[in-house]
Each structure stands twice: as structure tokens, then as C-alpha cells.
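Worksheet for the structure shown next.
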Amino acid sequence: MHYVKNKRAKDGPCNICTNTRSLSWDHVPPKGSIEISTVEMRVLYETLAGTNEDLRIRESQNGLKFRTICGECNEFLGRNYDQVINEFAVSVGRYLKSTLTFPNIIQHRTTPVKLMRGILGHILSAKIDFDNAQLDEQVRGFLFDENAIIPDDIHIFYWVYPYDCTIILRDIAMPAVRGDFSNSGYFQIFKYFPIAYIVTNLTTYEGLDELTIYRHLPINAEVDIPLRLARTEHYHWPEMVDNGNIVLAGQSASNAVFSVPRIT
Ligand SMILES: [Zn+2]
């Protein structure tokens, strides 16, 4: 039995700057990305494993949030990156909710370096256990330096996600190619309406578009990126375990949380 955990003690090491401070609540995704509602938080691992009976569910009245980063880091993400994350989410959401017909692939303008940095920052905060996993260490190393380029072995892919659940899964390994168990990669998964991201050491994954091809752009550079409106996957893709996929998970994955709006 796993209980939903989304906070640590009030004081502790910050998941981003690692200083021991008073910890603050970080909304993941950030406020302004989606309508904040009362959500039910569940432990993802038990849901995936199908052990739903006796599942402990906790409610949060204002969306999914984690008490894992200090006020300064929280404010840093909010000031520098959340606006770009939210603008991207709100405009992609408009396409998905629209009754108009769009081409299968459209181009949408965003600020990819800020978008990537913000996504990585919130992915770090969405882990209840403080640890020194490789990605966490790498992100800590460049996040506060505006001129630093996201390291070459971090690849971020994205696709549209027309579901109202939020799923954050940290530090798992899966086959690099579904159905082929000879090679695997490390993954971080962060999905919410209307867009999903995976962060991996792999240079390609299932034909998804890559954000990190823009890693060398200046932090404020805007560019049109492709959005494949016609490509949707199951809401538990790619972490679902099936004939073509297995998931190797550590402690942080067994504490992974997903949330769905409470049905009132
Ligand atoms: Zn901090």
C-alpha cells in the first residue's frame, strides 16, 4: 500500500537549489496553465499495476502541487518560465477545444528555451524524495545560468494530450523502441491537458517532435514549432505496460502521483 505523498516536512533541502530552507508549494503544472479544480490524487504505480482495490485517494482543492522547493526557486520559476509554459498550454488548448478544423500539423510560435527550462524545473519539484538522480543534478547545474545550454544528453519530446488528468512519472527506464527489449532509455514523463512532455537520454522516441533541437537558441528567441494535432495517444502512453513495453521504476516512480478532476 502506497499513500499519496506530495509534501515533505516544512523545512528541508530544496529539490532545485538543494539549500535547506522552508519549503513552499509548487503547482505542477503551474497556475494559469489549466483550470484549477479540486482533484483526486492517486498513486500512479498502483493504478498501472491494476491493484485498484483499497486504493488511497486524497483530494486537493486547488490542483496538483508539491511542497518540495524553496520560495526563492518557486519564485524564480514563476518569474522566468511559467508565462511561456502557460501561454503554450493555453493556445494549444484552444486548438483542441475549437470546433474549427485545422490541418494535421500546424506551426505554433513559442520561446522553446524558456519552455524547456521551465518544464525541467517543475519536473524537479514534482519528486517527493530528495535525491541526486542524474537529471536533477544536471538541471541544478545550469538552471540559474541564463547562458548555459541544456546538456546534449537531455532530449525533450512533446505531443498533444487531450485528457484532463495530470501524470508525472520520474526516473523510469523503458525500451528505447517499443517491442524491442534490447535497448532501454531513462525517462521523465510530465503530461497534462493539452500537452505532454518526456525527457529522456534517447535521441528519438516513437517519432515524436523534439524541443531540444532548439537548445542552442538564445533564451528569449521565439520560433515556430510543429504541433501534430492529429496524433493522439492513450492517456497512459507511453508508460503503460503491454506486450511492447516494460517499465523499470525506482522509489520516485513508486511515489509518482496522477490526478484527475473530481467528478462533482
Ligand atoms: Zn531552492
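Order of listing sets the numbers, starting from 1, for every ligand and every atom in it. Index from 1, following the sequence.
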Is any side-chain heavy atom of Q134 less than 4.5 Å from a side-chain heavy atom of D153? yes
With sequence neighbours excluded, residues passing side-chain contact (heavy atoms from CB on, under 4.5 Å) with E87: Q83
Stepwise, does the side chain to side chain donor-acceptor pair (under 3.5 Å) test hold for D82 with H27? CA-CA 10 Å; D82 284 356; H27 284 262; over 6 Å; no
At distances under 2.8 Å, what protein N, O or S atoms surround the Zn ion (ligand 1)? C14 SG, C17 SG, C70 SG, C73 SG
Among all residues two or more places apart in sequence or in another chain, which pass the ring-ring contact (aromatic ring centres under 6.0 Å, His included) test with Y163? Y161, Y235
Could you check whether any side-chain heavy atom of N6 comes within less than 4.5 Å of a side-chain heavy atom of R67, counting everything from C-beta outward? no
What residue pairs, at least two apart or across chains, pass salt bridge (Lys or Arg N to Asp or Glu O under 4.0 Å) with a residue in residues 170-182? K127-D171, D136-R170, R178-D242
